[in-house]
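Here's the structure, in structure tokens; my notes come after.
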Amino acid sequence: MIPTIGHVAVQMVSYGVVDRAVHAWIADECGRSTVKNSIAVLVRVMEQALRDEIIDRNPARITGWQREYASAEDELDDPGSLALVDWRVLTRLADALVSRSADEYEGWRDVVLFAACTAARISEVSVCRVKDIKASEWTWNVRHQTTNGPGGLIDKGTKGKRARHVPIIREIRELVERRISATDGTEDARLFVGPRGGRISMAVLRDATHWDEVVSKLGYEHLRRHDLRHTGLTWMADAGVPVHHLQKIAGHGSLTTQRYLHPDRRSVTDAGNLLSKHLQRPTSGPQLCLM
């Protein structure tokens, strides 16, 4: 439970806090039994608080997480199948999200494009600071992420506490320069903030842009919270980025990275042609005769 909600006072634990915690465990690829056992322990703790009249209901008794877990398993089995097709589709989504937001805040477009093109989590994009960008080589040093804490969103180390460097491609360099110019000029200034200057999260982005409504209207009903990251990693894999480089950019294990390397039909055909070409090569030296 620590540090997900172990630091939250019992009276402050709500259905929303528990729901976000469970979704975070699923997103972090915790096993089904781990999630189930963690919820069971939390239910017992909150049940005792209920008997002691510290709270008036047990917020740990949530339902539906098994369906979310099934969706997450599909996502983890073949994340590439959930990726957006190309840059045109990505920009179409970003523009639609801005148009649907109450204030048509252009910052949401920048967040979506930056997250997809760097294959980063929205929680990591939230903590991107001026000092983390190295324009001389166009890289971003990913060191922190935004997460739920007592009283609201807080910053902490990245998943696994490992910093990593990711490339900033040409398509978003003007965007990054513009975001830096819009800050107060200090090294600790955030590049991406909400319309009122606050921290952002996937939940904030989803609610502000009516994410579910927009993706359904565009015909992208499959899009879930991590699919911008999946898009970036899939594009990199399809572009031929070596798996060991992709692993470092993604910040996860090799087995997880391998899921992005599903060959498309063209690559399968090319592989067959290469094998045929190899078998048809003229050979020299003694030949094996079958009797």
Side-chain angles (χ1 to χ4, degrees), residues 23 26-29 68-97 108-126 128 138-140 142 145 158-160 162 164-173 175-176 192 202 205-206 209 211-212 214-216 218-271:
H23 279 72
I26 294 173
D28 286 344
E29 302 177 31
E68 180 66 20
Y69 201 98
S71 297
E73 286 180 329
D74 292 340
E75 176 180 329
L76 293 172
D77 285 342
D78 188 7
S81 67
L82 304 174
L84 294 172
V85 177
D86 53 27
W87 175 260
R88 180 188 61 82
V89 174
L90 174 62
T91 54
R92 182 188 181 199
L93 169 63
D95 290 339
L97 292 169
W108 298 131
R109 185 180 194 275
D110 293 345
V111 167
V112 169
L113 295 181
F114 187 81
C117 292
T118 58
R121 303 173 179 90
I122 296 294
S123 60
E124 295 168 336
V125 174
S126 175
C128 177
W138 285 112
T139 58
W140 168 31
V142 185
Q145 63 177 328
T158 58
K159 180 182 175 182
R162 297 186 300 270
R164 67 185 191 278
H165 289 85
V166 302
I168 298 175
I169 63 175
R170 294 185 181 90
E171 286 77 1
I172 59 170
R173 289 175 186 174
L175 179 160
V176 171
F192 304 96
M202 189 61 224
L205 172 65
R206 183 184 63 235
T209 62
W211 175 282
D212 295 336
V214 171
V215 297
S216 294
L218 292 176
Y220 309 147
E221 293 89 347
H222 66 282
L223 281 179
R224 294 191 283 269
R225 62 191 178 281
H226 277 351
D227 290 346
L228 294 175
R229 174 169 163 81
H230 293 331
T231 292
L233 291 173
T234 299
W235 288 356
M236 291 181 191
D238 290 347
V241 176
V243 64
H244 59 287
H245 291 165
L246 192 64
Q247 179 183 346
K248 291 180 179 179
I249 292 170
H252 52 41
S254 59
L255 291 179
T256 303
T257 307
Q258 291 284 354
R259 297 186 179 109
Y260 291 93
L261 304 181
H262 293 283
D264 55 25
R265 292 185 180 182
R266 174 63 182 275
S267 62
V268 171
T269 302
D270 289 346

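Nothing fancy with the numbering, it's 1 onward along the sequence.
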Side chain to side chain contact (heavy atoms under 4.5 Å, CB included) assessment of Leu90 paired with Trp235: CA-CA 12 Å; Leu90 174 62; Trp235 288 356; 3.9 Å; yes
Spacing of Leu233 atom CG and Leu228 atom CG [to the nearest 0.5 Å]: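 Leu233 atom CG to Leu228 atom CG measures 11.0 Å (nearest 0.5 Å).
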Kindly give the heavy-atom pair with the smallest separation between [X] and [Y], and that separation in Å.
X      : Y      : value
Arg206 : Asp212 : CD-OD2, 4.1 Å
Leu246 : Val241 : N-CG1, 3.9 Å
Thr209 : Val214 : O-CG2, 3.5 Å
Ala83  : His230 : CB-O, 4.1 Å
Met236 : Pro167 : CE-CG, 4.5 Å
Ile249 : Val166 : O-CG1, 3.5 Å

Thr231 side chain to Ala116 backbone, donor-acceptor under 3.5 Å: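 Side chain of Thr231 to backbone of Ala116: no pair is present.
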Under 3.5 Å donor-acceptor, Arg229 side chain and Ala119 backbone: yes
Passing candidate, side chain to side chain contact (heavy atoms under 4.5 Å, CB included) with Arg164, options Glu124, Gln247, Lys248: Glu124
Salt bridge (charged side-chain N to carboxylate O under 4.0 Å, His left out): pairs with one or both residues in residues 87-96, sequence neighbours excluded: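 Non-adjacent pairs meeting salt bridge (charged side-chain N to carboxylate O under 4.0 Å, His left out): Asp95-Arg109.
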Ring pair (Phe, Tyr, Trp, His ring centres under 6.0 Å) involving Phe192 - partner list, sequence neighbours excluded: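 If we apply the ring pair (Phe, Tyr, Trp, His ring centres under 6.0 Å) test to Phe192, skipping adjacent residues, the hits are Phe114.
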Val89 vs Tyr220, side chain to side chain contact (heavy atoms under 4.5 Å, CB included): CA-CA, chis, key distance, verdict: CA-CA 10 Å; Val89 174; Tyr220 309 147; 3.1 Å; yes
Leu97 and Val112: CA distance, side-chain angles, deciding distance, side chain to side chain contact (heavy atoms under 4.5 Å, CB included) verdict: CA-CA 9 Å; Leu97 292 169; Val112 169; 3.7 Å; yes
Within-4.5 Å side-chain heavy-atom neighbours: Ile172 and Thr118: yes
CA sep, side-chain torsions, deciding dist, call: Leu113, Trp87, side chain to side chain contact (heavy atoms under 4.5 Å, CB included): CA-CA 9 Å; Leu113 295 181; Trp87 175 260; 4.3 Å; yes
